[in-house]
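For reference, the structure is listed below as structure tokens.
Owing to the predicted nature of the structure, the values given are computational and were not obtained by experimental measurement.
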Amino acid sequence: MRKVVLVTGASSGIGLALCKRLLAEDDELHLCLACRNMCKAEAVRADLLASHPTAEVTTVQVDVSNLQSVFRASKELKQRFQRLDCVYLNAGIMPNPQLNIRALLSGLFSRKVLHMFSTAEGLLTQEDKITGDGLQEVFETNVFGHFILFRELESLLCHSDHPSRLIWTSSRNARKSNFSLEDFQHCKGHEPYSSSKYATDLLSVALNRNFSQQGLYSSVVCPGTVLTNLTYGILPPFTWTLLMPFIWLLRFFAHAFTLTPYNGTEALMDLDEDTAEKFYQSLLELEKHIRATVQKSDDQS
């Protein structure tokens with residue numbers, strides 16, 4: 001029986017590189033590409049099958065920033081599969097990143113210059129917005145949409161006799177200082193991406209505590225500093241051309257500069273388990289509220 005692997009955000013960047021690597025290691029996989037844009041997904045599927053004709057590659061449409069889309073995709077996946085061996089929760093956004101020039105100039109002449117460039121700590125701010133579900137867009141896309149996807153697919157994942165894995169794409173930009181249980185959607189701050197990635201780290205810890213005995217194991221992955229659509233949007237293209245020699249030089253001092261998605265490496269993170277558990281409970285409460293709202297809307301219609 002083929003191993004079944006689901007990857008969100010599989011049509012570009014880390015997700016696409018991950019799919020290529022998975023098939024390079026095992027071309028007998030059943031790889032399911034969970035993507036928002038189905039035209040891109042089908043093009044990627046065709047390319048993957050051209051290079052790995054013995055693999056089974058399918059697609060499913062899902063936009064993790066839209067809970068109705070998540071519910072529809074989950075229902076479809078439960079009709080298709082009896083189990084999932086591994087789910088890579090990779091899709092994510094960093095909307096309209098702005099470079100803090102003052103922080104950059106200050107950091108250039110400090111002892112933390114390598115740390116600053118390898119983590120982007122204090123360098124990037126983003127303007128978030130509210131989705132149609134009434135949630136912060138970055139939080140819903142990077143964290144909550146994936147959480148609901150997992151909750152809907154629990155029956156395919158939790159089998160004590162056949163362990164499954166959840167693997168979250170996190171970031172070195174995940175900072176505890178940017179996350180607060182009192183504002184876990186990061187409504188009041190200006191670094192929602194950093195907050196959301198720390199939230200996924202916390203959630204992974206909590207899921208391990210709550211589901212490992214049921215045969216589900218969760219971990220986080222940091223691909224390092226990688227040049228993808230997210231990072232290219234931070235600066236104008238010509239600026240990246242000028243910076244590349246400097247970035248390659250930094251690789252001798254900071255191994256986090258993996259640069260290409262394919263070179264992304266994994267790293268487990270040490271986290272505060274008590275905070276993780278409280279955050280997990282907060283998400284359960286939010287999920288309960290969302291489901292009640294959806295049910296009320298369905299009843300009225």
(Q) For the backbone of Glu42 and the side chain of Thr59, can you confirm whether one donor and one acceptor N or O come within less than 3.5 Å of each other? (A) no

Q. With a 4.5 Å heavy-atom cut-off, do Phe81 and His30 have their side chains touching?
A. yes

Q: Please examine the side chains of Ile14 and Val221, heavy atoms only from C-beta on, and report whether any two atoms are closer than 4.5 Å.
A: no

Q.
To check you understand the geometry: which heavy-atom pair defines the closest contact between Leu157 and Ser164, and what is its length?
A. O-OG, 3.0 Å

Q.
Students often mix this up, so state it plainly: with edges at 30° and 60°, are the rings of Phe139 and Phe144 parallel, tilted or perpendicular?
A. parallel

Q.
Is there a side-chain contact between Val60 and Arg80 in this structure, where contact means two heavy atoms from C-beta onward sitting under 4.5 Å apart?
A. yes

Q. Is it true that Glu76 and Arg72 have a side-chain N and a carboxylate O under 4.0 angstrom from each other?
A. no

Q: Look only at the side chain of Arg2 and the backbone of Glu28, and say whether a donor-acceptor pair between them is shorter than 3.5 Å.
A: yes

Q. Does the side chain of Leu216 come within less than 4.5 Å of Leu207's, by heavy atoms?
A. no

Q: Please answer whether the main-chain N or O of Glu191 pairs with a side-chain N or O of His186 as donor and acceptor at a distance below 3.5 Å.
A: yes

(Q) Membership question, hydrophobic clusters at under 4.5 Å side-chain separation (ILVMFWY): are Leu84 and Phe71 in the same one? (A) yes

Q: Using modelled atom types only, decide if a donor and an acceptor are shared between the side chain of His162 and the backbone of Cys158 within a distance under 3.5 Å.
A: no

Q: Quick one: closest heavy-atom pair of Ala10 and Cys19, and the distance?
A: CB-SG, 3.8 Å

**Q.** Student check: side-chain heavy atoms of Lys197 and Val220 closer than 4.5 Å
**A.** no

Q: Please report the shortest heavy-atom distance between Leu67 and Gly145, naming the atom on each side.
A: CD2-CA, 4.3 Å

Q. Around atom CZ of Arg83, are there more than 12 heavy atoms of other residues, nucleotides or ligands at under 6.0 Å?
A. yes

Q | Full working for salt bridge (charged side-chain N to carboxylate O under 4.0 Å, His left out) between Glu287 and Arg291 | A | CA-CA 6 Å; Glu287 178 195 6; Arg291 289 184 185 277; 2.8 Å; yes

Q) With distance as the sole test, does Asn178 use its side chain to make a donor-acceptor pair with the main-chain N or O of Ser194 at under 3.5 Å? A) no

Q: Check whether any side-chain N or O of Gln136 sits under 3.5 Å from a backbone N or O of Ile130 as a donor-acceptor pair, and report yes or no.
A: no

Q) Are any side-chain N or O atoms of Thr8 and backbone N or O atoms of Ala91, one a donor and one an acceptor, separated by less than 3.5 Å? A) yes

Q: Answer yes or no: is there a donor N or O on one side and an acceptor on the other, between the side chain of Ser51 and the main chain of Leu48, under 3.5 Å?
A: yes

Q.
Quick check: closest heavy atoms across Ala73 and Gln61, and the distance to 0.1 Å?
A. CB-O, 3.5 Å

Q: Return yes when atom NZ of Lys78 has more than 12 non-hydrogen atoms of other residues, nucleotides or ligands closer than 6.0 Å, and no otherwise.
A: yes

Q: Measure the spacing between NZ of Lys296 and CG of Asp298 and express it to the nearest 0.5 Å.
A: 12.5 Å

Q. Which heavy-atom pair separates Thr169 from Asn90 by the least distance, and what is that distance?
A. OG1-OD1, 3.0 Å

Q) If you take all heavy atoms of Val70 and Ile148, which pair is closest and at what distance? A) CG1-CG2, 3.9 Å

Q | Sidechain-backbone polar pair: Ser282 side chain, Lys278 backbone, donor-acceptor under 3.5 Å | A | yes

Q | Validation row: Val143, Tyr198 side chains within 4.5 angstrom (heavy atoms) | A | no

(Q) Is there a continuous path of hydrophobic side-chain contacts, each under 4.5 Å between heavy atoms, that joins Leu49 to Met38? (A) no

Q.
Would you say Tyr217 ends up clustered with Phe150 if hydrophobic residues are merged whenever their side chains have heavy atoms under 4.5 Å apart, either directly or through other cluster members?
A. no

(Q) If hydrophobic clusters are built by linking Ile, Leu, Val, Met, Phe, Trp and Tyr wherever their side-chain heavy atoms come under 4.5 Å apart, do Leu89 and Leu286 end up in the same one? (A) yes

Q. When you measure from the side chain of Thr293 to the backbone N and O of His289, does any donor-acceptor pair fall under 3.5 Å?
A. yes

Q: Determine the sole option in Leu156, Thr58, Leu153 for which the side chain to side chain contact (heavy atoms under 4.5 Å, CB included) test with Leu6 is passed.
A: Leu153

